[in-house]
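To find a chain, count down the sequence lines: A is the first, B the second, and so on, and within it residues start at 1. Note that these values count all heavy atoms, side chains included, but never hydrogens, waters or copies made by symmetry.
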Protein chains: 2
Amino acid sequence: MNERPREELPSLDPEMFDPVCPSPLVPFRVGDKWAPLVLRCLEGGPRRFSELKVPLRGITSKSLTHSLRALERGGFVARTEEPLPEHGVYYALTALGRGLLGPLDAACAWTRDHWDELIDAHEEAALASADRGV
Amino acid sequence: MNERPREELPSLDPEMFDPVCPSPLVPFRVGDKWAPLVLRCLEGGPRRFSELKVPLRGITSKSLTHSLRALERGGFVARTEEPLPEHGVYYALTALGRGLLGPLDAACAWTRDHWDELIDAHEEAALASADRGV
DNA sequence: GGGCCTGGTATCCGATCGGATACCGGCCTA
DNA sequence: TAGGCCGGTATCCGATCGGATACCAGGCCC
């Protein structure tokens, strides 16, 4: 599927994700907490475990393993052990996984388009609940 | 926003949702467990609490209240208490909530389009794990 | 006044999620 | 042979999710 794994694939930007993403306002979820970020990381080509941990700042091995296993079980990501010289474990999107990027993009776009409304609604709700309680 | 609440609005089909929807295979979530179903129920117009409980077979008052409150806080659903003669509590989609139906439809469509692949991937994963373990 | 229906709340409980921490075996290199 | 990186696993813990059950206040109807 991917001929030669990673000829000169640029390394992942350690800051590709906003560390203070206000995700609680976003009404969509794709997989578990880290899944959408993992999918993004794999968009450019196969990556190894330790490579994924860089932009996913703060993720523990356990969480990353768990997320990857779930994506694997769903058929969205494939795990392969490469022999020498590229030696290591590589994770790559399957066709199905790549297809998932479409809806993911759509969800992101919708959120961006309605960001102000989401903020407003959230603040209004906070005010209203402050009126009623406390 | 809605002139006269519910003139001859057809009542909800108690069987509008498949009781054995295999949702664990679906990689998307919109809000909490019941949120997408609630949104669907409100698609046709404002509904009262007890009306919503019909197609959402088995939902408890607590869960429905919780789900509705969350949707309210997010600005997707509005709660209004109607005086006589329509007397009662009505829940309706806001503009933002109605907008949410777009991405929701898209997610449903994607899932339908890739249903066979999702099933296959899931069964293959089950086989593979059976090979490795037990 | 004694039912009902409506629209909830209060409490408890088990399951799951996700982070913190510690540990580990295989391999490469110095 | 010692230390490092790589790719994890094992254990514990607190927070959250979601169901079960019980209860309740207000209004209408007889």
Sequence neighbours excluded - salt bridge (charged side-chain N to carboxylate O under 4.0 Å, His left out) pairs with any residue from residues 106-116 of chain A = none

With sequence neighbours left out, what residues match [X] under side chain to side chain donor-acceptor pair (under 3.5 Å)?
| X | result |
| --- | --- |
| S50(B) | none |
| R40(B) | E43(B), D105(B) |
| E81(B) | R79(B) |
| T60(A) | S63(A) |

Nt span of DNA chain C in reach of chain A heavy atoms at under 4.0 Å, 5' end first, is dG18(C) to dC28(C)

Output yes when at least one side-chain N/O atom of R79(A) is less than 4.0 Å from OP1 or OP2 of dG7(D), else no.
-> no

Minimum side-chain heavy-atom gap P14(A)-P55(A) below 4.5 Å | no

Would you call P27(B) and L100(A) a side-chain contact if the rule is heavy atoms closer than 4.5 Å?
-> yes

Just how far, in rounded Å, is P of dG7(D) from OH of Y90(A)?
-> 8 Å

Rounded distance in Å - CD (E51(A)) to C1' (dC6(D)) = 12 Å

Which residues in residues 32-42 of chain A have at least one heavy atom lying under 4.0 Å from any atom of DNA chain C?
-> D32(A), K33(A), W34(A)

Kindly state which residues belonging to residues 52-66 of chain B come within less than 4.0 angstrom of DNA chain C, counting heavy atoms of the residue only, listed by number.
-> S61(B), K62(B), T65(B)

Is a side-chain N or O of [X] found less than 3.5 angstrom from the main chain of [Y], in a donor-acceptor match?
| X | Y | result |
| --- | --- | --- |
| R73(B) | A121(A) | no |
| T94(B) | F76(B) | yes |
| E51(A) | R48(A) | yes |

Excluding sequence neighbours, so at least two apart, what forms side-chain contact (heavy atoms from CB on, under 4.5 Å) with A35(B)?
-> D32(B), S67(B), L71(B)

Taking atom types as modelled, is there a side-chain donor on R47(B) or Y91(B) under 3.5 Å from an acceptor on the other?
-> no

Just the table, please: protein N/O against nucleotides 25-30 of chain D N/O, every pair under 3.5 Å.
none

In degrees rounded to 10°, what angle is found between the helical axes fit to the five outermost pairs at each end of the helix from dG1(C)-dC30(D) to dA30(C)-dT1(D)?
-> 10°

Decide whether V54(B) and V38(B) are clustered together by the hydrophobic rule: side chain heavy atoms of Ile, Leu, Val, Met, Phe, Trp, Tyr closer than 4.5 Å, transitively.
-> no

Contact summary for P46(A) and L9(A), nearest pair of heavy atoms = O-CD1, 3.9 Å

Residues in ring-ring contact (aromatic ring centres under 6.0 Å, His included) contact with W110(A), at least two apart in sequence or another chain | F28(A), H114(A)

